[in-house]
Amino acid sequence: MKPIIRRPKASEDVESHAMYIADGSVDAALRFIERAEQTIKGLALLPQSGSPFVNSVPDLAGMRTKLVKDFPNHVVFYVEREDSIEIVRVLRGGQDMNAEATKI
């Protein structure tokens, strides 16, 4: 099992989405954080479970995506490295995935 490395933007994304969700329901926001963590930790066990995401940033070659469990409008963007799983971003469906995913 490879360790998880989170880029600062990915952590900021989760916090930002949780705060937005909390405006409607604190319980839903807590569930989102829990499900995002479950999804991310699951990548350490099955890194190939996500779908390929083609981009033009050399540092992000091999990027993949995985939907956050129970929150299908939220997507984890990650790269499997030789010795780790790097979480790059966590975006919601309404965002421009191609532009935002590579803003690191």
J.: Hey, what do you get for CZ (Arg89) to CD (Glu12), rounding to the nearest 0.5 Å?
T.: 8.0 Å
J.: Starting from the C-alpha separation in whole Å, work towards a yes-or-no answer on side-chain contact (heavy atoms from CB on, under 4.5 Å) for Ile21 and Phe71.
T.: CA-CA 11 Å; Ile21 293 167; Phe71 288 83; 4.3 Å; yes
J.: Determine the minimum heavy-atom distance between Ile4 and Ile40, stating which atoms define it.
T.: CD1-O, 3.5 Å
J.: So, Asp83 side chain and Lys2 main chain: donor-acceptor pair closer than 3.5 Å or not?
T.: no
J.: Report the distance from atom CZ of Phe53 to atom CG of Leu60, rounding to the nearest 0.5 Å.
T.: 10.0 Å
J.: As a test of understanding, state which of Arg31, Glu34, Arg35 forms a side chain to side chain contact (heavy atoms under 4.5 Å, CB included) with Lys69.
T.: Arg35
J.: Verify, without hydrogens or angle tests, whether Ser49 (side chain) and Leu46 (backbone) share a donor-acceptor contact under 3.5 angstrom.
T.: yes
J.: Could you state the interatomic distance from CG (Leu45) to CD1 (Ile85), rounded to the nearest 0.5 Å?
T.: 9.5 Å
J.: Where is the tightest heavy-atom contact between Ala18 and Ala29, given as atom of each residue plus distance?
T.: O-CB, 3.3 Å
J.: When you measure from the side chain of Arg64 to the backbone of Tyr78, do you find a donor-acceptor pair of N or O atoms at a distance under 3.5 Å?
T.: no
J.: Go through the steps for Gln48 and Glu80 under the test side-chain contact (heavy atoms from CB on, under 4.5 Å), then give the verdict.
T.: CA-CA 8 Å; Gln48 295 296 315; Glu80 181 180 8; 2.6 Å; yes
J.: Within a strict 4.5 Å, meaning less than it, do heavy atoms of the Leu91 and Phe77 side chains meet?
T.: yes
J.: Which residues pass the side-chain hydrogen bond (donor to acceptor under 3.5 Å, both in side chains) test with Lys41, not counting sequence neighbours?
T.: none
J.: Answer with yes or no whether the hydrophobic clustering places Met63 together with Val57; edges join I, L, V, M, F, W, Y residues whose side-chain heavy atoms lie under 4.5 Å apart.
T.: yes
J.: Could you pull out the closest heavy-atom pair between Ala61 and Val79, with the gap in Å?
T.: O-CG1, 3.6 Å
J.: State, yes or no, whether a side-chain contact exists between Leu43 and Val76 at a heavy-atom distance under 4.5 Å.
T.: yes
J.: How are the rings of His74 and His17 set relative to one another: parallel (under 30°), tilted (30 to 60°) or perpendicular (over 60°)?
T.: perpendicular
J.: Using a strict 4.0 Å threshold on nitrogen-to-oxygen distance, state whether Glu37 and Arg6 make a salt bridge.
T.: yes
